[in-house]
Amino acid sequence: MKVVVLTGAGISAESGIRTFRDSDGLWEGLSVNQVATRTGFGRNPELVNRFYNQRRRQLAEVTPNAAHFALAELEQKFGDDFLLVTQNVDDLHERAGSKRLIHIHGELLKKRCTWCEQTTPCDVDLSAEDHCAKCGREMGMRPDIVWFGEVPHGLERSYEALQRAEVFAAIGTSGLVEPASRFGAKAKVYGAHTVEINATETAKSESFDEVLRGPASETVPRWVARFAGR
Ligand code: APR
């Protein structure tokens, strides 16, 4: 059985990381253009780095929840026939044991030099004045986050997996941001059984074969238990 899972901010909500579009969401009081676009970074790199530094520091205060661990268990069961594609930039999937994982919107724990494009680990506060270890230049260091208008990471590998998927699940995502919001329709065209696991109705709920309603920490372990015949 080939399984592809897409996760969004909702899977990390019960770990204490705010989502983007729920009532007390991350974007509240912030302009996406200021902190999640290349032009915003060009205009005020320190504001953007401060925004991501704050989110990176928060990682030390949160832990994976039962939903993250359940997906790591699913990967154990299906091995190379499993792929987890996440829109999240936190490291909770890794910390729960997931390895077959693509961060299509980048990772808080990485930084990238805008001069030479070198990506390196980053677990401390970032400043645009940081020098690049590879090209030595400064005033170009940015978080390795995919901003609006930029090309997400790992799309080719994601699409290949969607073409072969027999089951596709979208977990904790509002289904509003492309291209991830089209994954369910793509998987369905290729014959996959599609499942939406979310605390509430989304704009895409109607298009799924199956919908599991409830908090991810309860619904995801229950869904994974089905595969284990439990
Ligand atoms: N359990 C399950 N689902 C939940 C929970 C929970 N405990 N809490 C919230 N949700 C659901 C919400 O109902 C919503 O559908 O998670 C979803 C979160 O949606 P968004 O905040 O829009 O997050 P996401 O879909 O990941 O956003 C996609 O948009 O801003 C960009 O790059 C950013 O990766 C992000 C992308």
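The analysis underlying the following values was restricted to heavy atoms, covering all of them including side chains, and did not include hydrogens, waters or symmetry mates. Order of listing sets the numbers, starting from 1, for every ligand and every atom in it. Keep in mind the model is a prediction, meaning the values are calculated, not measured.
Residue contact check for ligand 1: L176 places no non-hydrogen atom closer than 4.0 Å to it.
Salt-bridge formation is detected for the pair R57/D125: a Lys NZ or Arg NE/NH1/NH2 atom is positioned less than 4.0 Å from an Asp or Glu carboxylate oxygen. Salt bridge annotation for R137-E117: absent, with no cationic side-chain nitrogen under 4.0 angstrom from a carboxylate oxygen. Under a 4.0 Å N-O distance rule, the pair R50/E46 does not qualify as a salt bridge. Salt-bridge formation is not detected for the pair R100/E94: no Lys NZ or Arg NE/NH1/NH2 atom is positioned less than 4.0 Å from an Asp or Glu carboxylate oxygen. Ion pairing between a basic and an acidic side chain is recognised when a charged N comes within 4.0 Å of a carboxylate O; K99 and E75 show no such pairing. The pair D144-K110 does not count as a salt bridge, with every side-chain nitrogen at least 4.0 angstrom from each carboxylate oxygen. Between D90 and R95, none of the side-chain N atoms (NZ, or NE/NH1/NH2) sits under 4.0 Å from a carboxylate O, so this pair counts as no salt bridge.
For ligand 1, the atoms closer than 4.0 angstrom to any heavy atom of P215 are 1 (N). Atoms of ligand 1 found under 4.0 Å from any heavy atom of G8, numbered from 1 in the order shown, are 26 (O). Which parts of ligand 1 touch E14 is read off a 4.0 Å heavy-atom cut-off, strictly below it: atoms 1 (N), 6 (C), 7 (N). Annotation for ligand 1: atoms under 4.0 Å from non-hydrogen atoms of G172 are 3 (N), 16 (O), 17 (C), 18 (C). Close contacts between ligand 1 and T200 involve ligand atoms 13 (O) [criterion: under 4.0 Å to a heavy atom]. Contact atoms of ligand 1 toward V177: 29 (O), 36 (C) (distance under 4.0 Å to a heavy atom of the residue). Against a heavy-atom cut-off of under 4.0 Å, F148 is close to the following atoms of ligand 1: 30 (O), 31 (C). Interface of A13 with ligand 1, defined as ligand atoms under 4.0 Å from a residue heavy atom, comprises 8 (N).
With G10, A9, S12, A67 as candidates, the residue nearest to atom 6 (C) of ligand 1 on a non-hydrogen basis is G10. The heavy atom nearest to atom 14 (C) of ligand 1, out of those in V89, I197, N198, T19, is found in N198. Taking each of H103, Q87, E196 in turn, the one with a heavy atom nearest to atom 28 (C) of ligand 1 proves to be Q87. Closest heavy-atom approach to atom 27 (O) of ligand 1 among the candidates R213, R21, E218, R18: R21.
No side-chain donor from either of S98 and H68 sits under 3.5 Å from a side-chain acceptor of the other.
In H105, the part holding a heavy atom less than 4.0 Å from any atom of ligand 1 is the side chain.
Distance check: K188 NZ to L162 CG gives 14.0 Å after rounding to the nearest 0.5 Å.
Residue contacts with ligand 1: N88 is placed with no nitrogen or oxygen under 3.5 Å of a nitrogen or oxygen of the ligand (distance criterion only).
With ring centers used as reference points, F168 lies 6.0 Å or more from Y190.
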